[in-house]
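Okay, structure first, notes after.
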Amino acid sequence: MKRSIILSTIFAIILFSCKKDEDAIEDVVTSGPTPYNLVIPPNMPPMNIPANNPMTVEGVALGKKLFYDPILSGDNTQSCASCHSANFSFASILQFSIGIDGMPTRRNSMPIVNLGWQPGFLWDGGASDLESQVIGPITNPVEMHETLENVLVELKEHSEYPALFKAAFGEDEITIPKLMKAVAQFERTMISANSKYDRYAAGQESLTPLEIQGLEVFTDMTKGDCNHCHVLGSTFSDFAYRNTGLDSIPFDDGRYAITLLESDRGKFKTPSLRNVELTAPYMHDGRFSTLLECVEHYNTGFRYATNLDPNIAGLPKGRMTQQEMEAVVAFLLTLTDTEFVNNPAFRP
Ligand code: HEC
Ligand code: HEC
């Protein structure tokens with residue numbers, strides 16, 4: 001009897017001390033950055049988040065602050081949001097955006113939406129991960145025209161950033177890789193998956209007869225054949241690089257500039273069509289101002305360039321009627337997600 005009391009006392013002491021150790025470990029864990037619970041909507045595939053950049057609440061908040069802060073530009077007048085505005089699904093209404101020295105960008109600004117699912121970035125895929133894309137616009141002389149040395153000096157001298165970087169990464173030093181990671185974390189949270197089409201696909205809302213017809217033309221391989229590249233359902237693109245016959249001799253080398261393969265000349269990334277209603281003007285050079293012009297391009301406008309995608313080349317011109325093209329446009333408008341563009345988590 002006595003022995004069992006002693007034993008259970010010893011046991012209790014061991015238990016108690018273990019409990020204390022656990023508390024101590026928990027304290028260390030909870031004083032570091034808080035893991036960010038990224039909720040992937042059921043209609044989207046799993047997202048690959050790089051193991052060296054786990055998402056944290058503090059990292060996302062820092063990334064958002066940096067995204068909206070003109071401190072990243074040479075004369076502190078322009079932020080990422082200057083060319084990536086929430087109202088336009090984080091694209092720009094200008095054909096070519098204007099950088100801090102008044103010079104136009106070479107290509108049309110791209111929307112920032114569902115980037116966490118993309119295998120390559122920029123129209124030509126010149127950036128292979130979201131993190132490395134971040135420094136491009138900062139140092140580009142046509143865009144924010146700033147040096148990384150100067151960005152670091154300004155961030156280190158700032159009244160808030162030293163504490164925010166420490167909260168996000170648990171270390172005192174501000175570095176460029178941490179800046180890249182934080183902005184990429186914020187961008188990965190920018191998920192759009194609640195358009196009218198999504199609610200229709202989930203059986204929660206119906207489409208009008210015109211929108212249904214547009215959906216049918218979109219997927220019909222003898223009509224729109226849009227689905228071939230702008231894959232229906234989740235990301236609305238397979239993100240492959242293609243020449244869509246905008247010019248018989250491309251003005252912009254596109255993917256060729258990255259791979260130096262002749263077969264890539266004039267190829268550009270297939271963009272997602274989510275929120276496309278908001279991202280005019282269209283194409284890598286912003287040449288079309290309406291969605292109808294885009295559909296007309298595939299129906300009659302495309303040119304027989306050397307690298308023209310065989311799926312476009314193989315379909316006869318004029319195969320869609322005017323009414324069918326208008327139906328496709330009506331369908332494209334169902335991909336607008338107002339919850340996404342109005343989400344205060346993404347707005348300044
Ligand atoms: C002066 C306007 C301008 C500014 C400022 C700017 N961008 Fe961009 N952004 C563009 C243009 C133009 C493109 C397309 C460039 C290309 O393909 O060559 C682009 C493309 C992108 C893309 C690629 C999206 C995709 O689908 O591949 C991302 C991501 C991006 N920008 C993020 C940022 C971030 C982050 C900042 C701030 C650090 C920023 N941009 C600042 C104009 C701008
Ligand atoms: C062979 C693949 C392919 C097919 C088929 C295709 N697209 Fe595209 N689409 C692309 C590529 C690539 C681009 C970017 C082209 C560029 O800028 O050079 C693009 C661009 C667009 C854009 C402009 C988006 C933006 O953000 O600027 C719209 C709109 C569009 N396509 C709609 C459609 C519709 C509607 C159909 C069917 C009628 C269709 N596409 C068929 C590959 C395709």
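As the structure is a prediction and not an experimental result, all values here were calculated from the model. As the structure lists them, so they are numbered: ligands from 1, and atoms in each ligand from 1. Hydrogens, waters and symmetry mates are skipped; everything else that's a heavy atom, side chains included, is used.
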Inset, instruction - May I ask you to identify, for Met144, whether its side chain, its backbone, both or neither come under 4.0 Å of ligand 1 on a heavy-atom basis? - result: side chain
Inset, instruction - Could you give me a count of protein N/O/S atoms that are under 2.8 Å from atom 8 (Fe) of ligand 2? - result: 2
Inset, instruction - Could you find the nearest protein heavy atom to atom 27 (O) of ligand 2 and give me its residue, atom name and distance? - result: Met283 N, 2.8 Å
Legend entry - Per-residue contact class, Leu246 against ligand 2 - non-hydrogen pairs under 4.0 Å: side chain
Inset, instruction - Would you mind running through ligand 2 and noting each atom that sits below 4.0 Å from a heavy atom of Ile312? - result: 1 (C)
Inset, instruction - Would you indicate which of Glu324, Arg242, His284 comes nearest to atom 17 (O) of ligand 2 when only heavy atoms are counted? - result: His284
Legend entry - Residues forming a ring pair (Phe, Tyr, Trp, His ring centres under 6.0 Å) with Phe331, sequence neighbours excluded: Tyr197, Phe218
Inset, instruction - Only protein N/O/S atoms count here: give how many lie under 2.8 Å from atom 8 (Fe) of ligand 1. - result: 1
Inset, instruction - Of the side chain and backbone of Gln118, name the one, both, or neither that has a heavy atom under 4.0 Å from an atom of ligand 1. - result: side chain
Let me have the donor-acceptor pairs involving side chains of residues 110-125, under 3.5 Å, with sequence neighbours excluded, atom names and distances please.
unit_1	atom_1	unit_2	atom_2	d
Asn114	OD1	Ser192	N	2.7
Asn114	ND2	Ser192	O	3.0
Trp117	NE1	Pro45	O	2.8
Trp117	NE1	Pro46	O	3.3
Gln118	OE1	Lys269	NZ	2.5
Trp123	NE1	Asn108	O	2.9
Asp124	OD1	Gly126	N	2.9
Asp124	OD2	Arg107	NH1	3.1
Asp124	OD2	Arg107	NH2	3.4

Inset, instruction - Could you list which atoms of ligand 2 come closer than 4.0 Å to a heavy atom of Trp123? - result: 14 (C), 17 (O), 27 (O)
Inset, instruction - Determine whether the side chain, the backbone, both or neither of Val328 has a heavy atom under 4.0 Å from any heavy atom of ligand 2. - result: side chain
